[in-house]
Amino acid sequence: MDERLRRWRMVLGGDADGTGCSLTGTDAQMDGALAALYNGGGDGGASAGRSGGLGASAPRVARWLGDIRSYFPSTVVQVMQKDAVDRLNLTRLLMEPEMLDAVEPDVHMVGTLLSLNRVMPEKARESARALVRKVVSELERKLVQRTKAAVTGALDRSARTHRPKRAADIDWDRTIRANLKNYLPERNTVIPSRLVGYGRRQRAVQREVVLCIDQSGSMAASVVYSSVFGAVLASMSSLRTSLVVFDTAVVDLTDQLHDPVELLFGTQLGGGTDINRAIAYGQGLITRPNDSIFILISDLYEGGVREEMLRRVAQMTAAGVQVIVLLALSDEGAPFYDHDNAAALAALGVPAFACTPDAFPDLMAAAIERRDIGQWAERRLERAAT
């Protein structure tokens, strides 16, 4: 069979009439798996309209999930799973243990499971928990070391002193650069009039971090990533980390930061949004405004009192709190958000932007060093565009 015709047949689906090609073997099985989802077939490629072709049977869906994992790479499997949930309304079947055992774990699937955890039958709960733990463990493996390195480095840099007590505490690179005007060419040396040194490592808490997370359904991926990052930050003794989630109510999950899986199962995705109430609660957790970072993760669609929300943010920034608004903490691209509220926050000097998980450690470092977060975000955007 001509390879180009075979590829077109796989892309177009349907039967052989359009391309003159029929599929056999693995190609036919792959085509059947795609047809079951996108063409409503499941008969090896014959289209039967646009209705779902997986039926209402959990075992049949589980077999289909196993098939696509053997035919396609994991990145494609994750897209197909997400499409199956959306197109075929498989949320009910996700509560079946045999189906969960066949699912390729990813952040989106975790978000779907979390939205169902209040109605999930007990027999499916352990399978769901195992799937969530697998995803969380993988995220921790990727994110922990880099986050700790970025935050620790930023804390060390923010503790610099101009009166180092020991030679070992002198930052020679910065000292030389700070004294280049004192260079003596005849002696080929720099005479330092000012020393730049590292502050001694402090065991006490140096920063307070409050993560305030919107748990509406559209923020599912952000909730997952935020919980993992919250657990990483909470493990660092130099930070005092608090984490609260909110819809129309506010839930403080700080005491569960030691176990991000339990923390995630403490969330309730969906519902309305009262950002003002959440900010009020988070504001009450701050005891040292000048050493505090308040991160609101929300699409900014406010169901509470907008004017009061903006007033509270203005109060925090005036007190010295570094307030940052993340419209999303995910890899999903540009999020939907309330542009009017984002503009109002920008007028208060509070940047609002989406952040990918790989950029979050650098964001925390920039916040700890009290750099201009708006400029930091613009530079990230410029680098991404080039």
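Note that the structure is predicted; figures quoted are calculated from it, not measured. The figures that follow rest on heavy atoms only: side chains count, while hydrogens, waters and symmetry mates do not. The residues of the chain are indexed from 1 along the displayed sequence.
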J.: Starting from L327, can I reach F336 by hopping between I/L/V/M/F/W/Y residues whose side chains sit under 4.5 Å apart?
T.: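 No.
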
J.: Is it true that atom CD of Q145 has more than 12 heavy atoms of other residues, nucleotides or ligands lying nearer than 6.0 Å?
T.: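 No, the 6.0 Å shell around CD holds no more than 12 heavy atoms from other groups.
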
J.: Using 0.5 Å steps for rounding, measure from the CG atom of L211 to the CG atom of L296.
T.: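 The CG atom of L211 sits 10.5 Å away from the CG atom of L296.
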
J.: For T273 and E302, which I'm curious about, is there any donor-acceptor pair between the side chains at under 3.5 Å?
T.: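 Looking only at side-chain atoms, E302 and T273 do not form any donor-acceptor pair under 3.5 Å.
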
J.: Show your working on side chain to side chain contact (heavy atoms under 4.5 Å, CB included) between L363 and I373 and close with a plain yes or no.
T.: CA-CA 8 Å; L363 169 64; I373 300 300; 3.8 Å; yes

J.: Is D362 salt-bridged to R146, going by a charged N under 4.0 Å from an acidic O?
T.: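 Answer for the salt bridge query: yes.
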
J.: Give, for atom CZ of R133 and atom CD of E140, the distance between the pair rounded to the nearest 0.5 Å.
T.: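 The distance works out to 9.0 Å.
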
J.: If you define the side chain from C-beta out and look only at heavy atoms, does anything of L139 sit under 4.5 Å from V224?
T.: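 Counting from C-beta outward, L139 and V224 do come under 4.5 Å.
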
J.: Salt bridge check: are E138 and K134 linked by an N-O gap of less than 4.0 Å?
T.: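 Result for this pair is no, no salt bridge flagged.
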
J.: Working to the nearest 0.5 Å, report the span between CG of L253 and OG1 of T267.
T.: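 Reported to 0.5 Å precision, the distance equals 7.5 Å.
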
J.: Go through it in stages, so that I can follow the logic: the residues are L300 and V325, the test is side chain to side chain contact (heavy atoms under 4.5 Å, CB included), and I'd like the CA-CA distance, side-chain angles, deciding distance and then a yes or no.
T.: CA-CA 9 Å; L300 297 180; V325 175; 3.9 Å; yes

J.: If you define the side chain from C-beta out and look only at heavy atoms, does anything of I324 sit under 4.5 Å from V350?
T.: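 No; the side chains remain at least 4.5 Å from each other.
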
J.: Check whether any side-chain heavy atom of F229 lies under 4.5 Å from a side-chain heavy atom of P361, and answer yes or no.
T.: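 In short, these two side chains touch, coming nearer than 4.5 Å.
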
J.: So, do Y337 and F353 sit near enough that their side-chain heavy atoms are less than 4.5 Å apart?
T.: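 No, too far: nothing below the 4.5 Å cut-off.
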
J.: Above 12 or not: heavy atoms from other molecules or residues under 6.0 Å from CZ of R187?
T.: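 Count not over threshold, so no.
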
J.: If I compare all heavy atoms of S222 with all of I297, which pair ends up nearest, and what's the gap?
T.: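 Taking every non-hydrogen atom into account, CB-CG2, 4.0 Å.
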
J.: How long is the gap from CD1 on I275 to CE on M309, to the nearest 0.5 Å?
T.: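 Spacing of CD1 (I275) from CE (M309) equals 5.5 Å.
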
J.: Hey, what do you get for SG (C355) to CZ (R380), rounding to the nearest 0.5 Å?
T.: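 C355 atom SG to R380 atom CZ measures 7.0 Å (nearest 0.5 Å).
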
J.: Could you check whether E382 pairs with R379 (Lys NZ or Arg NE/NH1/NH2 to Asp/Glu carboxylate O, under 4.0 Å)?
T.: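 Looking at R379 together with E382, the answer is no, because their closest N to O distance does not fall below 4.0 Å.
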
J.: L326 pairs by side-chain contact (heavy atoms from CB on, under 4.5 Å) with which of I295, D299, I213?
T.: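 It is I295; the other options fail the test.
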
J.: Taking the side chain as every heavy atom from C-beta outward, state whether R240 and V209 have any pair of such atoms under 4.5 Å apart.
T.: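 No, side chains not in contact.
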
J.: Given side chains that start at C-beta, do those of I293 and M364 come closer than 4.5 Å, heavy atoms only?
T.: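 Yes, side chains in contact.
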
J.: Is there a donor-acceptor contact under 3.5 Å linking the side chains of N341 and Y301?
T.: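 On atom types as modelled, these side chains do not qualify, holding no pair under 3.5 Å.
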
J.: Could you go step by step and tell me if E308 and R312 meet the salt bridge (charged side-chain N to carboxylate O under 4.0 Å, His left out) rule?
T.: CA-CA 6 Å; E308 186 72 8; R312 291 186 187 282; 3.4 Å; yes

J.: With no hydrogens and no angle check, just 3.5 Å: does a side-chain donor-acceptor pair link N276 and R306?
T.: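 Looking only at side-chain atoms, R306 and N276 do not form any donor-acceptor pair under 3.5 Å.
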
J.: Determine, step by step, whether D214 and V245 satisfy the side chain to side chain contact (heavy atoms under 4.5 Å, CB included) criterion, reporting the C-alpha distance in whole Å, the side-chain angles of both residues, the deciding distance to 0.1 Å, and the verdict.
T.: CA-CA 6 Å; D214 183 343; V245 297; over 6 Å; no

J.: Checking side chain to side chain donor-acceptor pair (under 3.5 Å) for the pair T287/E208: CA distance, chi angles, key distance, verdict?
T.: CA-CA 8 Å; T287 62; E208 295 182 349; 2.2 Å; yes

J.: Do D252 and F246 make a side-chain contact, defined as non-hydrogen atoms from C-beta onward lying under 4.5 Å apart?
T.: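 A side-chain contact is absent here, since even the closest heavy-atom pair is not under 4.5 Å.
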
J.: To the nearest 0.5 angstrom, please state how far the CG atom of L243 sits from the CD atom of Q256.
T.: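 Reported value, rounded in 0.5 Å steps: 10.0 Å.
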
J.: Go through it in stages, so that I can follow the logic: the residues are V110 and D106, the test is side chain to side chain contact (heavy atoms under 4.5 Å, CB included), and I'd like the CA-CA distance, side-chain angles, deciding distance and then a yes or no.
T.: CA-CA 6 Å; V110 169; D106 73 336; over 6 Å; no

